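So the structure is just underneath, and the comments pick up after that.
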Amino acid sequence: MSTYITNARLIDPEALTETTTSLLIDGGLIAEIGGPAPEGAAVIDANGKCLAPGIVDMGVRIGEPGDRHKESFRSAGLAAAAGGVTTIIARPDTSPAIDTPEVLEFVTRRAREASPVRILHMAALTKGREGREMTEIGFLLDAGAVAFTDAEAVCTNTKVLNRAFTYARSLGALVIGHPQEPGLSAGSAVTKGKFASLRGLPDVHPMAERMGLDRDIALVEMTGVRYHADQVTSARTLPALERAKANGFDVTAGISIHHLTLNEYDVGDYRTFFKVTPPLRSEEDRLAMVDAVASGLIDIICSMHTPQDEESKRLPFEDAASGAVGLETLLPAAMRLYHQGGLTLPELFRAMALNPAKRLGLPQGRVAVGAPADLVLFDPDAPFVMDRFALRSKSKNTPFDGQRMEGRVIATFVNGQKVFDAAP
Amino acid sequence: MSFRARHLLGIEHLAPDEIRAVLDLADRYVELNRRTEKRSDVLAGMTQINMFFENSTRTQASFELAGKRLGADVMNMSVAQSSVKKGETLIDTALTLNAMHPDLLVVRHGASGAVNLLAEKVNCAVLNAGDGRHEHPTQALLDALTIRRAKGRIHRLTVAICGDVQHSRVARSNLILLGKMENRVRLIAPPTLMPSGVQEFGCEVYDDMKKGLEGADVVMMLRLQKERMDGGFIPSEREYFHRYGLDAEKLAFAKPDAIVMHPGPMNRGVEIDGTIADDINRSVIQEQVEMGVAVRMACMDLLARNLRARRGAAAAEVMA
């Protein structure tokens, strides 16, 4: 029943410490840290490898309903387990959108049956994510929605958005915005600059992101709603975020791992696996974002897992679908930041586990006695070459294909149960 | 022979000696083209397919004539009205044609990078006849040949490229080529039609045409690409002509012997005054068309030599 992990390098994102110690799992919870092995417990020798709270991945697209050939709850759950993600926060940009309690109940049931890891659902903020009428925010909250977002569909009608924010505020709901001025970014495929001009691709100035965030923050100031920006990817946006936080607004921000580890030049000769939303930024922006995560200005790192099938990527760059899978590659990609010295392991897990859990009011994301035993045991130094066809996701669109990476998951636990073992 | 490329996808991938090799050979083809007996047989037995996903009259005719004068079997496909309408993807179209064993594939497409994508899937030589706003390498090479023949050199010249730079693949290929050959390149455009970050290519950027033209050896006008615009980039054509159209008054700021170029088709009275375009002492626009056929012959000749060499090496390997 109980599991005792000894000789582990325990990553504590709350205390921002790393200590070599032991940890006891009992009844699905972390029962003791640093104690002796109780009799009858299954003992795992971590051999000095890292033990951290499982990743809470905020903003994962799963193709159910609508695009099950791209990703199902089963395939996403298996990929997550192999990637050390113990809680998936699923996006509502499905087909149809998750905008009624009935659809939410359906996906909740499907996810519970099919996935080895915990899947929680966000719901759409407006019906059909069309930006015209707010959804039944109250009913959806009762049915288990953890946040409300129209994902990449930006509502341009501020009157509608103002009402939705006001209503969400009264229920204490968290809304997630996609900071982007859609008029400015319409039709764009890459970030404005030398690379865009060289490749002749339609581009967007990163200021479009800042304009989107400025508008949303004005609405936050008007309504007092709890607000999270899904992705802040440009240094130009940071002053707006900093000001909002300094003013005491309940505002947080996230960023995808791709914007922290890749830049616009990685697109190279029109490689569509590097087409993401918003587009990859300059190297200066990337470095500024790593610093912003280290300082805590940007709160959350996520995978922005967006599965796309082969056909939707085998097109000219402008026509190709946007997005990259990330559930299985989030942790090894994050290890690049650790090995390059930009971020420590506790800082990384603060952004990948503790902060998203806190923002959503979940008990996960901690290594503390009494917390749920959602854990990942991993070797931050294990080298490997990424083979996209070895991914468990149904879609194989990773920008890291063929690249040398470091960091492999050894085992993943959800509620104390082992859901992934690299050496079964 | 220093031309090593397998495909001609853009000027970006060519070295200066490869550019010179094309121009030197093209000079010889200019002579051939001026004879009554124009036939050569360097591409005899080879199949050339012109695949134009965007409508084109001039470039397609130029490539067709170039291939025929070199003795290739030339086929034109106007893909704009065929299988693409039935939902076939670009890659499938490419694979279908590839199965017919062409040796040279000339492709024009509306999306930047589409020709690169296609070149990955076929085993013949691919020539980019223009992809989106990306590159149009044979245009830059024919412009270089025109300049070299008019000015006696293709280095240390001041070249002003004027007009809709933002939407122009011609401008991109030209500024890369002229930069590689160590010329001074100036870009002149209203700020709404100037791509971002071009200063980093080593260009000088102007929004005042008269200042930009000062002391220029070559004035290269661009067509206002109305079909690529998604909204108002300029207030009106008449204001554009007033500020950026090439007329005698603005041309007076360039060197007295400056030549005037235009890739065609021209919008007379929008970007260029008709009398300037027709001035045989300044305009080399007709020469550009003539050089186009010769440069395309040279490019296809060089690519065909490399193709033969590669196939020969592969065959020798099989025999060994």
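Every value quoted in this text rests on a predicted model; they were computed, and no experiment measured them. Below, chains carry the letters A, B, ... as their sequence lines are ordered, and counting in each starts from 1.
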Best-contacting candidate, His205(A), Glu311(A), Arg199(A), Lys192(A), against chain B by heavy atom pairs under 4.5 angstrom: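 The option with the most such pairs is Arg199(A).
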Pairs of heavy atoms under 4.5 Å with chain B: top-ranked of Leu315(A), Leu201(A), Leu198(A): Leu198(A)
Contact class of Ile176(B) relative to chain A, heavy atoms under 4.5 angstrom: side chain
Portion of Glu135(B) that has a non-hydrogen atom of chain A nearer than 4.5 angstrom: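 Nothing of Glu135(B), per the 4.5 Å heavy-atom cut-off to chain A.
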Geometric cation-pi criterion, Arg296(B) with Phe63(B): 6.0 Å, 45°: yes
Arg281(A) versus Thr233(A), side-chain donor and acceptor atoms under 3.5 Å: yes
Check ion pair Lys180(B)-Glu18(B) (N to O, under 4.0 angstrom):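 Looking at Glu18(B) together with Lys180(B), the answer is no, because their closest N to O distance does not fall below 4.0 Å.
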Pair Arg61(A) + Glu71(A), salt bridge at N-O below 4.0 Å: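 No.
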